[in-house]
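First the proteins, then the strands, lettered A, B, ... as listed; each starts at 1.
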Amino acid sequence: GGHAKEVKLGIIFGFTGPIESLTPPMAAAAEMAMKEVTDSGLLLDAATVTPIRADSTCIDSGAATSAAERLITSDGINGLVGGDCSGVTGAILSNVALPNGMLMISPSATSPALSTAEDNGLFFRTAPSDARQGVVMTEILMEQGVKEVALTYTNNDYGKGLADSFQQAFEAAGGTITITAAHEDGKADYSAEVGALAAAGGEKLVIAGYVDQGGSGVMRAALDSGAFDTFHFPDGMYGAKLENDFGDEIDGSTGQLPGTDSPGADTIKAMGEANGFDGTSSFVSESYDAAALIMLAMQAANSKDPADYKGKVMDVANAPGEKIYPGELAKALQILKDGGEIDYVGATAVELIGGGESAGNYRQYEIKDGKITTVQFR
Amino acid sequence: MVDFLNALVALSNFVLIPAIAYGSQLALGALGVTLIYGILRFSNFAHGDTMAFGAMITVLITWWMQSVGINLGPLPTALLALPFGILGCMALVLFTDRVVYKFYREQKAKPVILVIVSMGVMFIMNGLVRFIIGPGDQKFADGERFLISAREFKQLTGLREGLAIKTTQCLTVVVAIICVALLFWFLNKTRTGKSMRAYSDNEDLALLSGINPERVVMYTWLIVATLATVAGVLYGLDKTFKPFIYFQLLLPIFASAIVGGLGNPLGAIAGGFVIAFSEVTVTYAWKKVLKYLLPENLEPSSLVQLLSTDYKFAVSFVILLIVLLFKPTGLFKGKSV
Amino acid sequence: MSEPFLIGDTMTGGYGKGPDILHDCTIAVNPGEIAVIVGPNGAGKSTAMKAVFGMLDVRSGSVRLDGEDITKLSPQARVVKGMGFVPQTNNIFTSMTVEENLEMGAFIRTDDFSDTLEQVYHLFPILKDKRYQAAGELSGGQRQQVAVGRALMTQPKVLMLDEPTAGVSPIVMDELFDRIIEVSRTGLPILMVEQNAKQALEIADKGYVLVQGANAYTGTGKELLADPEVRKSFLGG
Amino acid sequence: MIVVEDVHKHFGGFHAVDGASLEIAEGTITGLIGPNGAGKTTLFNVIAGVLPPTSGKVTMAGEDITGLPPHTLFHKGLLRTFQIAHEFSSMTCRENLMMVPGAQSGEALWNTWFGRKRIADEERALKAKADEVLEFLTIEHLADHKAGQVSGGQKKLLELGRTMMVDAKIVFLDEVGAGVNRTLLMTIGDTIMRLNKERGYTFVVIEHDMDFIGKICGPVICMAEGKVLAEGSLAEIKANEQVIEAYLGTGLKNKEKLEQA
Amino acid sequence: MSEMMKNTALFALVAALILITGFYQSWNSAIFILNMGLISAVMAIGVNLQWGFAGLFNVGIMGFVALGGLAVVLIAEVPTPGAWTSGGVGVIMALILGAMTIVAATVLNKMIQPGRSRTLIMLAILIGGFFLFRAVFDPAVSGIEKINPAAQGNIGGLGLPVLLAWPAGGLLAAGAAWLIGKTALGLRSDYLAIATLGIAEIIIAVMKNEDWLARGVKNVIGLPRPLPNEIDLQNDPGFVESAASLGLDPVTASTLYVKLGYSVLFTVVLLVLLWMAQMALKSPWGRMMRAIRDNEVAARAMGKDVTKRHLQIFVLGSAICGVAGAMMTTLDGQLTPGTYQPLRFTFLIWVMVIVGGSGNNFGAVLGAMLIWFLWVQVEPMGLFFMELITSGMADDSDLKKHLIDSAAHMRLLTMGVILLLVLRFSPRGLIPEK
Ligand SMILES: Nc1ncnc2c1ncn2[C@@H]1O[C@H](COP(=O)(O)OP(=O)(O)OP(=O)(O)O)[C@@H](O)[C@H]1O
Ligand SMILES: Nc1ncnc2c1ncn2[C@@H]1O[C@H](COP(=O)(O)OP(=O)(O)OP(=O)(O)O)[C@@H](O)[C@H]1O
Ligand SMILES: [Mg+2]
Ligand SMILES: [Mg+2]
């Protein structure tokens, strides 16, 4: 692979459409990582990293494929951060990235089906696998002595996959799920779902959804009607909104999200504040990590050609090596330049396993006095 | 007896009250749609985004008021900001009418062309709102959240079931009733209202009666802007303000207007409730209610749910279809072009 | 001869960008007079009425009311000037009640119009019985009465009727013509298009025969009825 | 030919047709008159299958046709025209006629792709026939005009022309005369009589113009309030007190006022 | 003849737009836009058939497109081992039971006199049928869904060649359209619209929630394709050699080769359908359809069976949308029910038909190609405008930052502006009906 002064990274998220409210901070985080690298002047031969955004629309495979086609074959990007929703991500992967040998790291596509997709080692994701989270969630609830819960999930591959894995684990551990009710994101009203959930009852309501989407709507309706007052939140429900919009209303609720007892998540939050975006919004950390991993792998392979650096992604993400946290990209680049090894931990405690998935540690938290308080790490 | 009360309260809390509030929200939106259909004779796809625009202005003014400490005590400050939102929305729709719709009116374009044109307007308003306030959730509700919360109700009555009534729910219902009553009075009793009905009935003859069509159109838009802003703000107060959801609201709003009978204000109200109730009741799990009503040995073990909530939209559309099959132009004999 | 009260003078014009339909067509009416326009289908009778009322472009010629040139005025403005018009088709508000239809006739009036309403009810008693019924539910003849009544509510200075008797039964037609005579004898100029031409010309003070948008014959009603050529070609022998 | 037995048609509580019974003899031109709202058009609609009767029975040549849909009745030779002309406005006058005959092989989709030769032959024959009819109606110059843009009377002629494209048995004409120039109406009358003589069509004609009825009709039926009020020749009908009171009237009352002026 | 010239010029314009994309962006982008444009054109022909020819206001296009997609999975996917034995038979039985219940109810409804007893019997049959159906259906479904849920859990397909799925998609959509038409076609204008819209939502709800059918929201990816894999081509020395002889690198050559292959397939389908639609339109059948659209009552009186014809054209138009849906799913290589949204799959198609000129097949095709091009290309255009607007502002101004951040929303805004401009200058569409 040749060296050049410019590295172009594509960012393909749904800037319009159903998750348009999530994507701006995600893109901002990825761009922040790129700026960090550019400013360090250490990548390859002091290359500048230029982000190029494109709109995946989240739902329109045709438009998303077109946009990716443009990024890869016209703009000539060297790596792709994205896509976001599993549907368009699959389409981009098989129709554009794979044929063109382009590497992509998705921060948010969690569909189990993507694990088995043919990818030639070109596809990675920094969002953790659902299977493991279901088990972790079960452990947490069981330790609290919660034996009976109601479950609602957002009706997409993320929600459905997580709900399935949680249900399996929880019932295997002797728990009861009183009802499993899907909810659609972006709808106007969730009374029906809450009505059914309330009728079924349970000690807690588990919401396998997004805090910036229908998850909040369901929670709001459940609280307002007095159906539930404590909840359990998987990763998609973590965000500053919990504190800002709900606060002490949901005291006693618990949740977990990928993370180690590292300063990673807090650093992202602070960095986000400095750059004018919400660092706790869903998939922001994952986006930062996705961008960082691509650039670190380039450095490790000393090439910006995906064919060269695709093999290095796993190396930089996993042990052995020096642990790297957000904001330390310069340090990492230097180590790699000097021929050392790194273990990128990043904001989400990235650990890639076979199939390019992230297997992670989890941070367990509780809402106390309206604040998210870390309880322990698993 | 207590069991019966508990059952009643549970049903009210999870079915009746939410459905009434949601129904009123839909009805307010549907009123705007139905008015445009009735008088200007096209289905306005931009209505959801008009609601978002009006609500957005209100949100911005509310924030400003909150920042300088103006408030309404227990009521949401947004009510104070509402008139400004309405004015802003009026300005926007009148401007749109001048530069866009007027041309097609003069051309006597077919309704379907106007529908597609309104889609163009929708795209533009869509972008406009997002430019100004962004695509995310915005919080602007304040004041007392509950008239009575579930917990208070339980303490008060000693029942096992709670009943929560939100200020915003109450406001929505009251405002919806006032709006319909006013609209009815306006259309049926006032001179301007009658001239609007006359215009919608027979445009050419209205001309011959000395009615100025441009004025009728202007009044229509003014009322629509008012309704849209009120609907948008009340919805935002009760749930949340987020531009994309206003776009999504369009579908149930259209369904309401049509199932009630296009062009008929009473129909819009009835339609709103039909849609809301069918969404909420058909997927309701009756277990809780039955548990109170039936003797212990008959208590249901399953959820007693007709269909899972996955199908709530499907079900509301099935009900809509059934209504239309028996009443092909809606519950209240709507128009059809 | 002095200037008539209402005159469409040598009007030429057509619909939109289409061809001319009227060619130097002149029609006029004076107070207390009934002027009737007859002619074959598609001759441009309705078009001439619409031109006088400002509902299409008059490309040359002019329309004058009481000496004033109103060629450029919009239809609404002509209503304000005191012109009343009952079109050939679609001449009632079907979804509104009879009384509301009449009220719409008085839309431009700011004074109390209950007197006029009573007069109209007196003229057409059947309408009083049906005042709260939707006009769309009335029979053909009753609809025509509503249409004429609506125009009268304006208290027009001149009344224009386009085929008021089309499709009504003989008895209702007679009734309508009776009313028209009555109204006209109060001094109101009436300009009317009719296909029941024999009956209409009998009550007409003045008759116009239009052919292909141009005046073919003009005369008193009696003269036209007596003209064998006119009878044969336009009145059905 | 057509026998109507005690037909009722109710709209809500309103009895538009209230027990009408009548008989149309084959080969006649029967006039149907009656005051506005008597139920004439409604009865037509019931016979032609547009509206289902509330009760009662309609037979055609002995066969029960009650409630059969219009398109089936068409193929049995029962045709009707409309009070308000129902032309196909965006099609040319010729097309308006050419679309009429049933059983065109070009109306089956399959043939439009794989039977193009046959269609072309049929079309040629149809076009010739349509032009013949247009000539018969003296509107051949309008063949390529859009039907929506010809005048009212010409539309009425077109209505009539459609019934000539096929071999009809019985034709129902609803107010061919309303809004039509009287001279033209008399021409239409001639046409009707010619069709009746030359092709043996039976006609039922609703009309308010007594001159026209007198010119073409044999038997006349007068309806009022949904029932048959009187039947007979026009002269008999004209002499009937009830008919005069309900329908014909006694002429202008304000004649004197006219004279005074 | 000038009209002919104008129409040719319009088509040339669209061709030029695509060529410009080829020269200034990349040929891969250009041909992909062309391919999606061709699919859109097929959909537009289907909609034009219904609206332009017959005046049927179908706003349920999305549902038929989705059914076409479903057909691809059911035809071309490899069968899931064990699915048929563990539940497939049960599912079929249950569906037959359900159908029989409905048939029985309809037949009895006709036979028994109206009254309370009929209502009771009907209710008994329907409710009994429902529970019977659930009793057979539920265990069968859970049987199927238990098989390797992460990767399969569905009934699988027949393992047939994927091209067969295109006509099959048409048939599936046609079947659904027939059922819908039988019940809902009596409705007029906007009431029919909302009914079809609702039915489309119901179809999507079923596809999202019935995992046994096609994995629901868990998506099916990696569907078989009718053309070789780009990777395989890149590894095929023969292909690489012939690419090199054309002066192309293997990656570009393989991606272009596959895309052009799709273009050929889609063009063939489009041309066949366009020819069929044109022939039908210009025949007595088309004349009859126009007559029905102009005046239903009169058409009925002239012996045309309007109900039957409406049903015919509704089924045909929907079938065409189904074919297009199958083509699109084949091109995507995956079925993702969550992506079916009315804005994209129903209203955008309507925009295409109206902008192109309803009632005119060539108009529909032109509208489809043009609007699809814009739908994709307004994104860079919007960005460009935004940069233009902000170029005068100070680099660190908040407004500039805010505007650049919101640039993504220029996409729909630009779309709206262009739509309004086109309709302003040709309010009856670019190639109006004659
Ligand atoms: N809205 C219109 N647009 C274009 N042409 C029209 C329009 N209305 C009428 N015409 C044409 O203008 C001519 C005159 O029509 P007009 O309605 O004035 O005839 P008329 O004398 O009133 O006939 P009738 O006795 O049938 O009512 C006709 O050739 C008709 O085709
Ligand atoms: N769809 C309907 N709903 C309610 N009432 C109706 C309907 N159709 C007709 N009517 C009523 O039925 C009566 C008979 O109407 P019909 O049209 O048959 O009268 P007609 O004898 O043809 O009169 P005309 O000579 O005016 O055409 C009228 O009073 C009319 O108001
Ligand atoms: Mg006329
Ligand atoms: Mg009649």
Side-chain angles (χ1 to χ4, degrees), chain A residues 14-25 58 150 152-153 155 160 178-201 210-214 216-218 220-229 239-241 244-246 249 277-278 281, chain B residues 10 13-15 17-19 21-22 25-26 126-127 130 134-137 139 145-146 149-151 153-154 161-164 166 169 235 238-240 242-249 251-253 276 279-289 291 303-305 308-310 312-313 315-316:
Chain A
F15 295 105
T16 62
I19 65 159
E20 60 184 17
S21 60
L22 298 183
T23 47
C58 176
T152 178
Y153 63 92
N155 200 10
K160 178 89 181 170
T178 57
I179 183 175
T180 312
H183 66 262
E184 299 278 341
D185 282 333
K187 291 293 181 193
D189 183 82
Y190 295 104
S191 318
E193 287 82 352
V194 169
L197 291 168
Y210 302 115
V211 70
D212 300 282
Q213 297 279 334
S216 279
V218 172
R220 182 83 270 162
L223 279 173
D224 286 350
S225 62
F228 292 91
D229 39 31
K241 265 190 107 167
N244 298 342
D245 289 8
F246 296 96
E249 281 183 272
F277 65 87
D278 175 6
S281 174
Chain B
N13 193 33
F14 291 109
V15 176
I17 292 180
Y22 180 42
Q25 282 154 2
L26 289 182
N126 197 298
R130 284 158 180 76
D137 265 306
K139 200 179 157 182
R145 224 185 136 65
F146 290 99
S149 77
R151 207 168 290 160
F153 183 87
K154 282 189 216 169
E161 289 297 324
L163 181 71
K166 285 193 280 181
Q169 287 175 328
Y235 177 82
D238 190 43
K239 306 266 165 55
T240 175
K242 187 173 181 181
F244 186 75
I245 295 196
Y246 284 86
F247 166 70
Q248 294 283 81
L249 258 174
L251 217 72
I253 282 180
E279 268 190 25
V280 178
T281 46
V282 180
T283 56
Y284 186 65
W286 294 92
K287 180 181 175 186
K288 197 166 197 167
V289 173
K291 232 162 88 179
L303 286 172
V304 205
Q305 193 183 13
S308 77
T309 51
D310 309 3
K312 86 170 184 186
F313 299 106
V315 166
S316 65

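Between chain A and the residues B:Arg151, B:Lys287, B:Lys239, the largest count of heavy-atom pairs under 4.5 Å involves B:Lys239. Looking only at heavy-atom pairs under 4.5 Å with chain B, the residue among A:Ser281, A:Gly195, A:Ser225 that has the most is A:Ser225. Comparing A:Ala196, A:Pro24, A:Gly226 by heavy-atom pairs within less than 4.5 Å of chain B, the highest count is held by A:Ala196. Comparing B:Ala285, B:Pro135, B:Ala164 by heavy-atom pairs within less than 4.5 Å of chain A, the highest count is held by B:Pro135. Between chain A and the options B:Lys291, B:Gln169, B:Lys154, B:Gln248, heavy-atom pairs under 4.5 Å are most frequent for B:Gln248. Contacts with chain B were tallied for A:Lys241, A:Lys187, A:His183; A:Lys187 has the most, counting heavy-atom pairs under 4.5 Å. For the set B:Lys139, B:Arg130, B:Arg145, the count of heavy-atom pairs under 4.5 angstrom toward chain A peaks at B:Arg145. Top candidate by heavy-atom pairs under 4.5 Å with chain B, chosen from A:Ser216, A:Ala221, A:Gly217, A:Ala227, is A:Ala227.
A side-chain donor-acceptor contact under 3.5 Å links B:Tyr235 to the backbone of A:Ala188.
Interface remark: B:Lys242 contributes side-chain atoms only to the contact with chain A (heavy atom separation under 4.5 Å). Of the two parts of B:Ser149, neither the backbone nor the side chain holds a non-hydrogen atom closer than 4.5 Å to a non-hydrogen atom of chain A. Within the 4.5 angstrom heavy-atom criterion, only backbone atoms of A:Asn244 (N, CA, C, O) approach chain B. With a 4.5 angstrom heavy-atom cutoff, B:Phe247 does not touch chain A via any of its atoms. With a 4.5 angstrom heavy-atom cutoff, B:Phe313 touches chain A only via side-chain atoms. In this structure, the portion of B:Phe146 lying under 4.5 Å from any heavy atom of chain A is its side chain and not its backbone.
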Residues A:Arg220, A:Phe246; criterion side chain to side chain contact (heavy atoms under 4.5 Å, CB included); working and verdict:
CA-CA 8 Å; A:Arg220 182 83 270 162; A:Phe246 296 96; 3.6 Å; yes
Verdict with supporting geometry, B:Leu249 and B:Leu26, side chain to side chain contact (heavy atoms under 4.5 Å, CB included):
CA-CA 8 Å; B:Leu249 258 174; B:Leu26 289 182; 4.0 Å; yes
Test side-chain hydrogen bond (donor to acceptor under 3.5 Å, both in side chains) on B:Asn13 and B:Glu161 and set out the steps.
CA-CA 9 Å; B:Asn13 193 33; B:Glu161 289 297 324; 5.7 Å; no
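Remark: A:Leu223 CG to A:Glu249 CD distance equals 5.5 Å, nearest 0.5 Å. Here the CD1-CG distance, from B:Ile245 to B:Asp137, works out to 6.5 Å after rounding to the nearest 0.5 Å.
Side-chain contact between A:Gln213 and A:Ser21 is present, with heavy atoms from C-beta onward closer than 4.5 Å. Taking 4.5 Å as the limit, some side-chain heavy atom of B:Phe244 sits within range of a side-chain heavy atom of A:Pro18.
Considering every non-hydrogen atom in both A:Asp189 and A:Glu193, the closest pair reads O-OE1, 4.1 Å.
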